[in-house]
Amino acid sequence: MTSMSHQYLAKWFFSDAKIQKILDSDQAQDLGNSDSTLINARSTNKNNSTELINISQNGFSGYLLKINNPGRVRVAVTHYLGKIGERAEDIAYETGAAAVINGGAFSDPQGNGSGGHPQGILISRGRLLYKDPGVSTYDIIGLNQRNVLVLGHYTLANVKRMGIRDAVTFGPFLVVNGKPAITHGDGAWGIAPRTAIGQTKDGTILMLVIDGRQVGSLGATLKDVQNIMLKYGAYNVANLDGGASTVLYYHGYIVNHPSSPYGERHAPSFFIVK
């Protein structure tokens, strides 16, 4: 059901009601909003180092990037927002970023893969660049002025009051205030390439990419992602857009293997490390 292109296979054998019951039983719990006061982002501000860790488990492989200074992390967007997305290395070249991962949700209304149309909310360097019309509450994956990763469901007024400087929309939230959201099943999203972002209690940002849909790395479940991030000390974790979008650029190279046969996907938003 999460592959989009192959949902008909499940529907051959199960009713819609049965499929939904199965999905609901495995989904990540909604644990509410993260508490930014529990994160001490100031403790790592003077250390600008990064560390790239190879992640290899049975069935998949990928990379975890640790960024000690959360102040280096922000959201970057395509120059052609609403029209055409850009690739990770394009964003790196334009911003001078040392690292780039794909970010939030986007739509493809004409089916042409242009990647220029974000969904949810999009904030970069304190500027509101996009918000879904007619929506009162937004799912926020963002950083505030204290460089704390904020996860939650907020109104636009809340977002402004909280001083959110950079944000995208995606989900689910996999760890909130140290508590895992998936305790039964695997998260109900199947096995696929994954991208996620998290933060430890001392402020260190964790960026995770897992390759999938290819020989040697079939992909990971949401619970796999949750467990990897917990292993490395994450206190808050959000799933980002995965599948063909999953990409990690690091110091001049795409270090993972994007699953699309056409190469990297164009997207409207990215988390970058300056």
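The basis for the numbers below is simple: all heavy atoms, side chains too, and nothing from hydrogens, waters or symmetry mates.
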Seminar exercise, completed: salt bridge (Lys or Arg N to Asp or Glu O under 4.0 Å) filter on Glu94, not counting sequence neighbours, yields none
Problem set entry | Rounded distance (nearest 0.5 Å) linking atom OG of Ser269 with atom OH of Tyr130 | 12.0 Å
Exercise. Going by heavy atoms in the side chains, are Asn47 and Asn69 under 4.5 Å from each other?
Worked result: no
Problem set entry | Residue that, paired with Leu64, satisfies side-chain contact (heavy atoms from CB on, under 4.5 Å) out of Met229, Glu51, Lys231 | Met229
For this session: Please test Thr50 against His251 for side-chain contact (heavy atoms from CB on, under 4.5 Å), starting from the C-alpha separation and ending with a verdict.
Result: CA-CA 11 Å; Thr50 60; His251 287 306; 4.3 Å; yes
For this session: Take Arg265 and Ser260 through the side-chain contact (heavy atoms from CB on, under 4.5 Å) test and state the conclusion after the steps.
Result: CA-CA 7 Å; Arg265 197 174 186 187; Ser260 170; 5.7 Å; no
Review item, side-chain donor-acceptor pairs of residues 163-173, under 3.5 Å, at least two apart:
unit_1, atom_1, unit_2, atom_2, d
Arg165, NE, Asn144, O, 3.3
Arg165, NE, Asn147, OD1, 3.4
Arg165, NH1, Val73, O, 2.9
Arg165, NH2, Pro70, O, 3.4
Arg165, NH2, Val73, O, 3.0
Arg165, NH2, Asn147, OD1, 3.0
Asp166, OD1, Val75, N, 3.0
Asp166, OD1, Arg125, N, 2.9
Thr169, OG1, Ile121, N, 3.0
Thr169, OG1, Asp139, O, 2.7

For this session: Decide yes or no on side-chain contact (heavy atoms from CB on, under 4.5 Å) for Ser36 and Arg146, but give the supporting numbers first.
Result: CA-CA 9 Å; Ser36 62; Arg146 295 194 303 109; 3.7 Å; yes
For this session: Kindly indicate, with the supporting measurements, whether the criterion side-chain contact (heavy atoms from CB on, under 4.5 Å) is fulfilled by Ile228 and Ile210.
Result: CA-CA 11 Å; Ile228 291 168; Ile210 299 294; 4.2 Å; yes
Exercise. Are Tyr232 and Ile53 close enough that some pair of their side-chain heavy atoms sits under 4.5 Å apart?
Worked result: yes
Problem set entry | Straight-line distance of Ile101 CD1 to Thr195 OG1, nearest 0.5 Å | 6.0 Å
Problem set entry | Check: Ile141 and Phe271 side chains under 4.5 Å, non-hydrogen atoms | yes
Exercise. Is there a donor-acceptor pair under 3.5 Å between the side chain of Asn177 and the backbone N or O of Asp35?
Worked result: yes
Problem set entry | Beyond-backbone contact of Tyr250 with Met207, side-chain heavy atoms, under 4.5 angstrom | no
Exercise. Heavy-atom distance under 4.5 Å between the side chains of Tyr63 and Asn54, does that happen here?
Worked result: yes
Exercise. Can you tell if the side chain of Val175 reaches within under 4.5 Å of the side chain of Asn236, non-hydrogen atoms only?
Worked result: no
Exercise. Distance from Lys223 atom NZ to Leu230 atom CG, nearest 0.5 Å?
Worked result: 10.5 Å
Problem set entry | Nearest-0.5 Å distance that lies between atom CG in Leu218 and atom CG in Asp211 | 11.0 Å
For this session: Using salt bridge (Lys or Arg N to Asp or Glu O under 4.0 Å) as the criterion, list what pairs up with Asp186, not counting sequence neighbours.
Result: none
For this session: For the residue pair Leu143 and Arg74, establish whether any side-chain heavy-atom pair is separated by less than 4.5 Å.
Result: no
For this session: Can you spot which of Ile254, Asn102, Ile91 makes a side-chain contact (heavy atoms from CB on, under 4.5 Å) with Tyr249?
Result: Ile254
Exercise. Is the backbone of Asn40 close enough, under 3.5 Å, to the side chain of Asp202 for a donor and an acceptor to pair up by distance?
Worked result: no
Seminar exercise, completed: Taken to the nearest 0.5 Å, the spacing of His117 NE2 from Leu81 CG works out to 9.0 Å
Exercise. Side chains of Lys83 and Thr78: does their closest heavy-atom pair fall under 4.5 Å?
Worked result: no
